[in-house]
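One structure is given here, and the rest of the page talks about it.
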Amino acid sequence: MSFQVVSNDNELLLKISGWTAALTMRKEIKIPYTMIEEIRVGSYKFPWKTAVKRTGITTSGHKAGIFMIEGKKYFLAYHNANEIVMLRLKEHEFDYVVFESGNNEQFVNNILKRCPSINIEKT
């Protein structure tokens, strides 16, 4: 899986390549900072019983794709469920974007510089 997060002045750009791009039919997702309501960092428990895969892949160690979970649309891209960033979005194509970040603290600090009012939750 190849997934890169780029912080621009007005938005996050999630660049997707490899099998994740092929399976989700996406090369990028743009998220304006104004659409981020909350950031959660830490771990994420995939809801095997309620998740409906629209496109992508799910194995015990890899989640990538678009899922419907309890009526909400998710984009997932991670290997390690204990090192994730979850963005709760408003007025966006996705309700949640969940991805693995190599440095959660740096990512959050970078976002807070641009949007200090975003709520941060650690799980």
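The residues of the chain are indexed from 1 along the displayed sequence.
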Review point. When you look at I16 and K27, which way does the side chain to side chain contact (heavy atoms under 4.5 Å, CB included) test go after all the steps?
Key: CA-CA 5 Å; I16 308 159; K27 291 188 178 182; 5.6 Å; no
Check your understanding: Could you state the interatomic distance from OG (S7) to NZ (K113), rounded to the nearest 0.5 Å?
Key -> 9.5 Å
Check your understanding: Side chains of I39 and I111: does their closest heavy-atom pair fall under 4.5 Å?
Key -> yes
Review point. Is there a side-chain contact between L87 and Y96 (heavy atoms, below 4.5 Å)?
Key: no
Check your understanding: Do the side chains of F75 and V41 join up, straight or via other hydrophobic residues, at under 4.5 Å, putting them in one cluster?
Key -> yes
Check your understanding: Does F46 have K63 sitting over its ring (NZ/CZ under 6.0 Å from centre, angle to axis within 45°)?
Key -> yes
Exercise for review: Give every residue pair that meets the ring-ring contact (aromatic ring centres under 6.0 Å, His included) criterion with at least one member in residues 98-123, sequence neighbours excluded.
Suggested key: F3-F99, F99-F107
Practice item. State, with a plain yes or no, whether a side-chain heavy atom of K15 is found less than 4.5 Å away from one of V6. Key: yes
Practice item. Might you point out which heavy atoms bring H92 and P32 nearest each other, and give the distance in Å? Key: CD2-CD, 4.4 Å
Practice item. Mind checking the CZ-CD1 spacing from R40 to I84? Nearest 0.5 Å is all I need. Key: 8.5 Å
Review point. Can you find a pair of side-chain heavy atoms, one from Y78 and one from Y44, that are under 4.5 Å apart?
Key: yes
Check your understanding: Any salt bridge between E37 and R88, counting N to O under 4.0 Å?
Key -> yes
Review point. Taking atom CG of N10 as the centre, does the number of heavy atoms from other residues, nucleotides or ligands within less than 6.0 Å exceed 12?
Key: no
Revision key, fill the gap. Rounded to the nearest 0.5 angstrom, the CG-OH distance for N8 and Y33 is 6.5 Å
Review point. With a 4.5 Å heavy-atom cut-off, do N110 and R114 have their side chains touching?
Key: yes
Check your understanding: When clusters are formed by joining ILVMFWY residues with side-chain heavy atoms under 4.5 Å apart, either directly or through shared neighbours, do I120 and L12 land in the same one?
Key -> yes
**Study point:** Minimal non-hydrogen separation, E38 against I118, with atom names
**Key:** CA-CG2, 4.0 Å
Review point. For E93, which residues count as a salt bridge (Lys or Arg N to Asp or Glu O under 4.0 Å) partner, sequence neighbours excluded?
Key: R26, K73
Practice item. Show your reasoning for whether side chain to side chain contact (heavy atoms under 4.5 Å, CB included) applies to L14 and I31. Key: CA-CA 8 Å; L14 311 179; I31 303 172; 3.7 Å; yes
**Study point:** Close side-chain approach of M86 and V98, heavy atoms under 4.5 Å
**Key:** yes
Review point. Below 4.5 Å, heavy atoms only, C-beta onward: do L89 and I36 meet side chain to side chain?
Key: yes
Point to revise | Point-to-point distance, once rounded to the nearest 0.5 Å, from OG1 of T50 to CD of E70 | key: 4.5 Å
Point to revise | Connected via hydrophobic side-chain network under 4.5 Å: L112 and M35 | key: no
Review point. Do the side chains of Y74 and M68 get nearer than 4.5 Å, heavy atoms only?
Key: no
Check your understanding: Under 6.0 Å from the NZ atom of K30, do we count more than 12 heavy atoms belonging to anything else shown?
Key -> no
Check your understanding: Could you give the distance from NZ (K90) to CG (D95), rounded to the nearest 0.5 Å?
Key -> 13.5 Å
Revision key, fill the gap. Here the gap from N104 atom CG to E83 atom CD, rounded to the nearest 0.5 Å, amounts to 5.5 Å
